[in-house]
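To start, the structure under review is shown below, and the notes come after it.
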Amino acid sequence: PVAWGYEGDIGPCNWHKYFPKAGGKRQSPIDIDTSATQYDGSFKPLRIHYDSHMCSSLTNNGHTFCMSVNSDQCNLSGGPLEDKYRLLQFHCHWGSDDTKGSEHTVDGHQYAAELHLVHWNTDKFKSADEAIEKNQGIAVLTAFIKAGKEHRGWNHVLSHFKDIKKVQGTSTVNEDFNPKCLLPENQTDYWTYEGSLTTPPCHESVRFIIFKEVVEVSSEQLAQFRSLCVCSSRKRDTGEDEHLVDNFRPIQPLNGRVVKASFQ
Ligand SMILES: CCN[C@H]1CN(CCOCC)S(=O)(=O)c2sc(S(N)(=O)=O)cc21
Ligand SMILES: [Zn+2]
């Protein structure tokens with residue numbers, strides 16, 4: 001597999017050389033210009049049904065932490081979606097400090113981090129591997145994160161981070177944990193548009209659903225995101241660990257796409 005990252009020669013400006021979709025016309029993330037969004041009154045209520053007995057495993061894949069879920073009871077439908085989608089995994093993007101880290105921006109404002117709950121279309125496709133390449137294959141529920149009061153739900157995830165500090169570390173999460181607790185209270189106000197995976201291979205298969213309400217976590221909790229390392233061994237020369245930070249892709253051209261709003 002081709003190595004890619006967020007800085008230097010393997011950074012986002014060069015992804016298109018090995019991952020041609022990265023140069024496509026409906027790429028993500030984007031800036032949400034709230035003066036140009038269009039209210040769509042036709043959306044049905046979003047239906048987010050997760051069970052909390054889903055056993056899952058947390059991995060550091062060198063690009064983010066990834067909580068993979070293997071429960072067929074975690075489903076998403078309604079809102080702008082025509083089909084039923086199943087939760088595959090969730091992960092985040094964050095910065096080297098609290099002033100940056102989100103992938104999408106709102107009127108040019110970047111948040112400290114961004115949560116992605118990734119779902120695949122089980123009505124149209126037989127596997128996630130198939131769905132990630134197809135239009136309408138993926139739906140990503142997205143919440144912005146800012147520094148503020150401590151978020152107790154996040155501690156269930158962060159308590160496993162010591163096991164995944166190094167790349168390819170994996171930890172099994174068995175306790176009753178429902179990822180719905182990571183979403184904002186208001187789940188009726190969101191923006192939505194058609195985009196892509198924000199990492200290689202950048203398939204243009206994603207419907208983003210981005211909540212307007214921002215979730216607060218403490219600065220100490222954000223610092224724990226930054227405790228993850230990007231490699232499995234110590235850096236050769238300095239002997240220092242290289243920490244996983246600024247794992248967000250720059251915003252991409254809208255190319256005429258319209259961002260819809262579920263609220264006026
Ligand atoms: C580091 C690789 N990130 C990929 C991994 N997956 C692709 C391969 O899937 C195999 C079944 S994914 O579909 O889970 C996915 S969603 C997003 S994002 N940031 O746009 O929400 C990135 C990625
Ligand atoms: Zn993501």
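Please read all numbers here as calculations on a predicted model, not as lab measurements. Remember, it's 1-based here, ligands and their atoms both numbered in the order they're listed.
For ligand 1 and His116, the ligand atoms under 4.0 Å from any heavy atom of the residue are 18 (S), 19 (N), 21 (O). Heavy-atom contacts of Trp4 reach the following atoms of ligand 1: 1 (C) (cutoff under 4.0 Å). Within the listing of ligand 1, atoms 17 (C), 18 (S), 19 (N), 21 (O) sit less than 4.0 angstrom from a heavy atom of His91. Per-residue contacts place Thr199 under 4.0 angstrom from the following atoms of ligand 1 (heavy atoms of the residue considered): 2 (C), 3 (N), 4 (C), 22 (C), 23 (C). Close contacts of ligand 1 with His93, meaning ligand atoms under 4.0 Å from a residue heavy atom, involve 19 (N). Numbered from 1 in the order shown, with element, the atoms of ligand 1 that lie under 4.0 Å from a heavy atom of Ile132 read 8 (C), 9 (O), 13 (O). Atom numbering of ligand 1 starts at 1 in the shown order; those under 4.0 Å from a heavy atom of Val118 are 16 (S), 21 (O). Of all atoms in ligand 1, listed by their number and element, those nearer than 4.0 Å to a heavy atom of Asp129 are 10 (C), 11 (C).
For the pair Arg226 and Asp246, the salt-bridge criterion is not met [side-chain N within less than 4.0 Å of a carboxylate O].
Put simply, the residue from Leu222, Leu115, Leu182 that forms a side chain to side chain contact (heavy atoms under 4.5 Å, CB included) with Val217 is Leu222. Applying side chain to side chain contact (heavy atoms under 4.5 Å, CB included) to Leu117 and the options Leu76, Thr142, Leu183 leaves one that passes, Leu183.
The closest side-chain donor-acceptor pair between Thr198 and Arg249, if any, does not fall under 3.5 angstrom. A donor atom on one side chain and an acceptor atom on the other are not found under 3.5 Å apart for His91 and Thr64. Using modelled atom types and a 3.5 Å distance limit, the side chains of His104 and Glu114 yield a donor-acceptor pair. For the residue pair Asn121 and Lys124, no side-chain donor N or O sits within less than 3.5 Å of a side-chain acceptor on the partner. At a cut-off of 3.5 Å, with distance as the only test, a side-chain donor of Asn155 or Gln221 sits close to an acceptor on the other residue.
Between His93 and Tyr6, a ring centre-to-centre spacing not shorter than 6.0 Å is recorded.
Annotation: protein N, O or S atoms under 2.8 Å of the Zn ion (ligand 2) (waters excluded) comprise His91 NE2, His93 NE2, His116 ND1.
Protein heavy atom at the shortest distance from atom 19 (N) of ligand 1 is Thr198 OG1, 2.8 Å. Nearest protein heavy-atom contact of atom 14 (O) of ligand 1 is Gln89 NE2, 2.8 Å.
Counting only heavy atoms from C-beta outward, the side chains of Val215 and Lys146 never approach each other to under 4.5 Å. Residues Val69 and Gln89 have side chains not in contact (no heavy-atom distance under 4.5 Å, counting atoms from C-beta outward).
The protein does not reach atom 6 (N) of ligand 1 closely, with no heavy atom under 4.0 angstrom from it.
A cation-pi arrangement is absent between Lys212 and Tyr190 under the rule of less than 6.0 angstrom and at most 45 degrees off the ring axis.
Residue contact annotation: Ile138 has no non-hydrogen atom under 4.0 Å from ligand 1.
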